[in-house]
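Notes follow once the structure below has been shown.
Chain A is the first sequence line, chain B the second, and so forth, proteins listed ahead of strands; every chain is numbered from 1. Worth knowing before you read on, the calculation uses all heavy atoms, side chains too, and leaves out hydrogens, waters and symmetry mates.
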Amino acid sequence: MTLDRNKLYSVLFIACLAGYVWLYFSVTKNITEKKLVEVCIIKHATNIPCPSCGSTRSVISLTKGDFIGALKFNPIGYLVAIIMLIAPIWIIADTIKGTKTLFNFYIKTETYLKRPKIAITLILLVIINWIWNITKEI
Amino acid sequence: MDSKKVDMFIMSNGKFFEIHQINTIKDRLNEVDDSKWAMLSTAQFKDPTTTLIVSLLVGSFGIDRFMIGDTGLGIGKLLTCGGMGLWTIIDWFMIQKATREANMKQIQQFLY
């Protein structure tokens, strides 16, 4: 799949939409913690949490204003929340104006993240977060 | 380029590309001069079967997407637990085509 502007925007938009639907579903239905994690195949199959397990609970804590609780659940929740807040607005603005600033930003970030120093640091951070996830048995 | 060399290249590397792309590559290879041969013969292409295995085993972390150079999509997959499991399953079927297209992108750098 060669990624062009429209493809990237539709993928991102659908992902954000699914995220909001999932968030609404989890908040209103008041799903218990045990059921929440079942959406993750790895957690379901092996009983070991994956690096991003707990980000739903983290985002829910953020919407309630509990910033420290969100950090304790999973710091990745912050990243997800920021993307979910900014991406739809940026996409809509770009579509109305007919520009592709988000696409250019995406390509720039991609090449930036591929630099070995940054890539290794980020991989280490994800692994540390994963180990933390496993030890706190999220 | 010598047609013998072109045939040899297609025979040993054909599996890395989509079938409908092979003819384009062949035509283009016949046109370019011999100086590209050294670079072409040392080019490393990603094997679609390997990426499929990676996708089956650790697709939930987005490693398959990182492997073929789609860093952005890889991060998206990693952050969402493999797109809540759905994207992982979709990618089991999509990743081979995506790999071949990534290879096509790579060979285009040599050909044009």
Practice item. Answer yes or no: does atom NZ of B:K26 have more than 12 heavy-atom neighbours from other residues, nucleotides or ligands under 6.0 Å? Key: no
Review point. Side chain, backbone, both or neither: which part of B:F61 has an atom under 4.5 Å from a heavy atom of chain A?
Key: side chain
Practice item. Pick one of side chain, backbone, both or neither for A:I83, based on which atoms fall under 4.5 Å of a heavy atom in chain B. Key: side chain
Point to revise | hydrophobic_cluster_shared for A:I123 and B:I63, side chain cutoff 4.5 Å | key: no
Exercise for review: Measure from the ring center of A:Y9 to the ring center of A:F103 and say whether it is less than 6.0 Å.
Suggested key: no
Exercise for review: Using non-hydrogen atoms and a 4.5 Å limit, figure out which bit of A:L12 sits close to chain B: side chain, backbone, both or neither.
Suggested key: neither
Review point. Would a line drawn from the ring center of A:Y106 to the ring center of A:W90 be shorter than 6.0 Å?
Key: no
Review point. Checking heavy atoms, do the side chain of B:T88, its backbone, both or neither come under 4.5 Å from chain A?
Key: neither
Check your understanding: Under a 4.5 Å heavy-atom cut-off, does chain A meet the side chain of B:I75, its backbone, both or neither?
Key -> side chain
Study note, to complete from the structure: From the list B:I68, B:I95, B:T80, B:L78, the residue making the most non-hydrogen contacts under 4.5 Å with chain A is B:L78
**Study point:** From B:K77 atom NZ to B:R65 atom CZ, the distance as rounded to the nearest 0.5 Å
**Key:** 6.0 Å
